[in-house]
Amino acid sequence: MGALFGSLWFLSLATTPWLLSQAIDHGLAPHEPRTLIAWAAAVLIVGAASAGLGIMRHRSMTRLRMAAALQTADLVMSHATRLGSALPRRITAGEVVTIGISDVWTIGRAMNVGGVGVASTLAISVVATILFQTSHMLAAVVLIGVPVLAVFVGPLLQRGQKAGLVYREQQGELNTRLVDVLGGLRILNGLGGKQTHLSRYDDQSARLRDQGYRVGGPFSWIGALGDGLPVVFLAVVVWLAARLAVSGELTVGELVAVYGYTAMLVIPVNVLIFCSFDVTRGLVAARRVVDFLRLPADDPSGVPGPPHPAVLRDPESGVVAEPGRLTALAGSRPADAAEVIDRLGGYGETAVTWGDIPLAEVAQPEVRARLLVAQPGADLFAGELRDVVAGRDDADDERVRGAITTAVAHDVASSLDRPIEWSGRNISGGQRQRVRLARAVHADPEMLLAAEPTSAVDAHTEAAIAERLTAARRGRGTVVATTSPVMLDQADVVHYLVDGRVAATGTHRSLLLENPGYRALVSRVFGEDA
């Protein structure tokens with residue numbers, strides 16, 4: 001529709017000079033008032049039609065740009081949802097923000113080439129054909145002049161595209177730093193690191209600005225050429241037409257028509273140049289969007305899981321998690337235990353078996369429903385406390401209070417009606433951690449996999465959580481990554497990890513007595529009195 005209305009609009013613009021030439025040659029020059037009035041009426045009618053077509057062209061192109069941008073945004077959001085909790089493992093939040101806010105609208109603008117770009121190409125062809133009927137030389141100038149403009153603009157577009165790719169990458173990195181700083185302001189306030197991070201942000205922002213200047217250089221020349229070269233082109237054609245009129249090869253009306261045709265050509269030529277500009281930027285944005293859409297999402301299809309609670313085995317680390325038992329993972333590097341937790345929960349590449357079935361082959365919805373990975377930095381969504389803890393389940397106050405009691409989170413609020421802000425910004429770090437644990441306990445999964453669930457609480461609270469969590473999860477499988485002695489002491493079995501693999505297995509007390517490395521780990525972290 002954009003191409004149709006744009007083409008009809010340009011056609012009405014091209015028709016007007018011909019009507020003017022007829023009015024001059026057949027009405028004005030021979031002093032024929034009736035003929036002049038008739039041709040003037042035709043100019044008026046075509047002018048009114050041109051105005052209406054211009055409105056429809058603008059509306060259709062606006063709809064095209066909006067549809068392209070919003071459909072792209074919908075694709076990005078849908079894929080982000082499919083990626084789910086795997087998303088932050090594969091791409092930064094800042095990059096997603098840049099795609100969703102900047103890139104989709106840049107792609108929308110690039111769609112101009114499918115509407116007014118097509119119409120402009122058609123308009124140039126039509127005007128060249130009309131001029132050929134008037135003067136072969138003028139038509140040749142038009143047909144040669146447009147490619148000459150492309151010769152000037154083409155290299156600038158290539159330079160702009162290369163610089164734009166670098167700029168776009170740096171823009172995503174800067175937005176990532178911004179998201180990180182905004183999310184960690186509370187911590188930075190406590191550590192006194194706000195000024196340091198501000199300085200780093202300023203430095204990175206300055207580098208992005210300098211790269212922006214390098215992008216703006218060729219594009220500013222494109223803008224200048226887009227406005228200037230068509231005018232030069234107009235001057236050349238008019239000068240040649242005026243010489244033909246002086247020599248008698250063109251009538252006065254034909255001279256006016258040639259001027260009108262050429263003046264009208266300024267518009268489509270200018271449109272084509274700026275369409276090239278938009279397409280160049282759109283290709284940069286589209287590459288980033290396509291790279292995002294190519295991130296592999298977990299396949300939701302698969303075979304059924306074990307009919308009953310079954311053992312989880314991770315051959316890469318040697319960890320075994322049995323149903324109905326509390327299993328602890330203790331290692332000097334928390335990242336090692338976190339990676340084991342991810343593999344046991346079916347995130348990323350995993351060789352874990354669930355009973356006799358490879359976990360990677362089990363249908364994802366069943367894995368997510370039965371195996372819950374509770375991460376220490378999991379988001380808390382805004383809402384009343386009861387709804388935050390209940391998650392996707394209908395809030396049952398008694399069950400919610402039981403989960404809060406297990407997580408020793410009673411100090412968060414005296415009432416379940418208390419509003420919790422997004423990401424728990426109105427509660428302390430320790431309270432956020434306990435609310436997350438309460439939410440995981442409330443979900444009551446077949447196997448709960450929790451990484452450092454008590455790292456932000458004091459020793460007294462930690463001891464209470466260890467006892468209550470053990471009681472609440474009795475009969476259910478639980479895996480906890482921790483180096484807390486009170487938590488380890490409650491575990492049925494402890495896997496001591498060295499470089500991501502099980503070095504020793506036993507109870508907390510037996511490992512303290514028999515394994516010097518484990519004893520050194522606990523002593524180093526919690527002091528000799530541990």
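Bear in mind the structure is a predicted one, so any value in this text is a computation, not a measurement. Any value given below was found using the heavy atoms of this structure, including those in side chains, with hydrogens, waters and symmetry copies removed.
At least one cation-pi condition fails for Arg509 and Tyr518: the charged atom is not both under 6.0 angstrom from the six-membered ring centre and inside a 45 degree cone around its axis.
Residue Ser455 comes nearest to Gln433 through the heavy atom pair OG-NE2, 2.9 Å, listed as atom of the first residue, atom of the second, then distance. Between Phe5 and Ser60, the shortest heavy-atom contact is CD1-OG, 4.1 Å. In this structure, Arg313 and Gly355 approach most closely via the heavy-atom pair NH1-O, 4.1 Å. When all heavy atoms of Ala110 and Gly282 are compared, the closest pair comes out as CB-CA, 3.9 Å. Heavy-atom minimum distance, Met487 versus Val480: CE-CG1, 4.1 Å. Listed here is the closest heavy atom pair of Thr327 and Ala321: OG1-CA, 4.1 Å.
Listed for the Glu366 side chain is a donor-acceptor partner under 3.5 Å among the backbone atoms of Gly305. Under a 3.5 Å cut-off, the side chain of Gln364 and the backbone N or O of Gly346 do not form any donor-acceptor pair. Side-chain atoms of Arg476 do not come within 3.5 Å of backbone N or O of Leu448 as any donor-acceptor pair. Side-chain atoms of Arg432 do not come within 3.5 Å of backbone N or O of Asn426 as any donor-acceptor pair. Distance alone, capped at 3.5 Å, places no donor-acceptor pair between the Arg109 side chain and the Trp105 backbone.
Note: Arg519 CZ to Leu521 CG = 12.0 Å, rounded to the nearest 0.5 Å. Within the model, atoms CG of Leu208 and CG of Asp203 stand 12.5 Å from one another, a figure rounded to the nearest 0.5 Å. Between the CZ atom in Arg209 and the CG atom in Asp202 there is a gap of 10.0 Å [rounded to 0.5 Å]. For the atom pair His508 NE2 and Leu512 CG, the distance stands at 4.0 Å (nearest 0.5 Å). For the atom pair CG (Leu372) and CG (Leu449), the distance works out to 7.5 Å, reported to the nearest 0.5 Å. Atom-to-atom distance recorded for Leu75:CG and Ile99:CD1 is 12.0 Å, nearest 0.5 angstrom.
In this structure, Arg474 has no side-chain hydrogen bond (donor to acceptor under 3.5 Å, both in side chains) partners at least two apart in sequence or on a different chain. Legend: residues meeting ring-ring contact (aromatic ring centres under 6.0 Å, His included) with His58, ordered by chain and number and at least two apart, are absent.
Salt bridge annotation for Asp499-Arg333: present, with a cationic side-chain nitrogen under 4.0 angstrom from a carboxylate oxygen. We find that Asp444 and Arg399 are not joined by a salt bridge, their nearest charged nitrogen and carboxylate oxygen being 4.0 Å or further apart. Residues Arg386 and Asp396 are not paired through a salt bridge, judged by the lack of any N-O separation under 4.0 Å between the basic side chain and the carboxylate. Salt bridge Asp314/Arg343: present, at least one basic N to carboxylate O contact under 4.0 Å.
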Practice problem: Take Arg65 and Asp278 through the test side-chain contact (heavy atoms from CB on, under 4.5 Å) and record every step on the way to the result. | Solution: CA-CA 12 Å; Arg65 289 192 296 269; Asp278 289 336; over 6 Å; no
Quiz item: Does the pair Leu380 and Arg436 meet the rule for a side-chain contact (heavy atoms from CB on, under 4.5 Å), with working shown?
Solution: CA-CA 7 Å; Leu380 295 176; Arg436 292 189 188 104; 3.8 Å; yes
Quiz prompt | Verdict with supporting geometry, Arg468 and Val441, side-chain contact (heavy atoms from CB on, under 4.5 Å) | solution = CA-CA 11 Å; Arg468 296 179 188 182; Val441 171; over 6 Å; no
Self-check item: Step-by-step side-chain contact (heavy atoms from CB on, under 4.5 Å) determination, Glu467 to Val486
Solution: CA-CA 9 Å; Glu467 292 178 3; Val486 293; over 6 Å; no
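Contact of the Ile420 side chain with the Val435 side chain is not registered, since no non-hydrogen atoms from C-beta on lie closer than 4.5 Å. Within the 4.5 Å cutoff, no side-chain heavy atoms of Pro304 are placed close to those of Val362. In this structure, the side chains of Thr406 and Arg473 stay at 4.5 Å or more apart for every pair of heavy atoms. The shortest distance between side-chain heavy atoms of Thr507 and Val494 does not fall below 4.5 Å. Counting heavy atoms from C-beta on, the side chains of Leu344 and Leu371 never come closer than 4.5 Å. Side-chain atoms of Thr106 and Arg288, non-hydrogen and from C-beta on, never get closer than 4.5 Å to each other. Contact of the Phe292 side chain with the Asp103 side chain is not registered, since no non-hydrogen atoms from C-beta on lie closer than 4.5 Å. Residues His442 and Ile404 form no side-chain contact, since every pair of their non-hydrogen atoms from C-beta on lies 4.5 Å or further apart.
No more than 12 heavy atoms of other residues, nucleotides or ligands shown are found within 6.0 angstrom of CG on Asp356. The 12-atom threshold is not exceeded at CG of Asp394, counting heavy atoms of other residues, nucleotides or ligands nearer than 6.0 Å. Within 6.0 Å of atom CZ in Arg63, 12 or fewer heavy atoms from other residues, nucleotides or ligands are found, so the atom counts as exposed in its surroundings.
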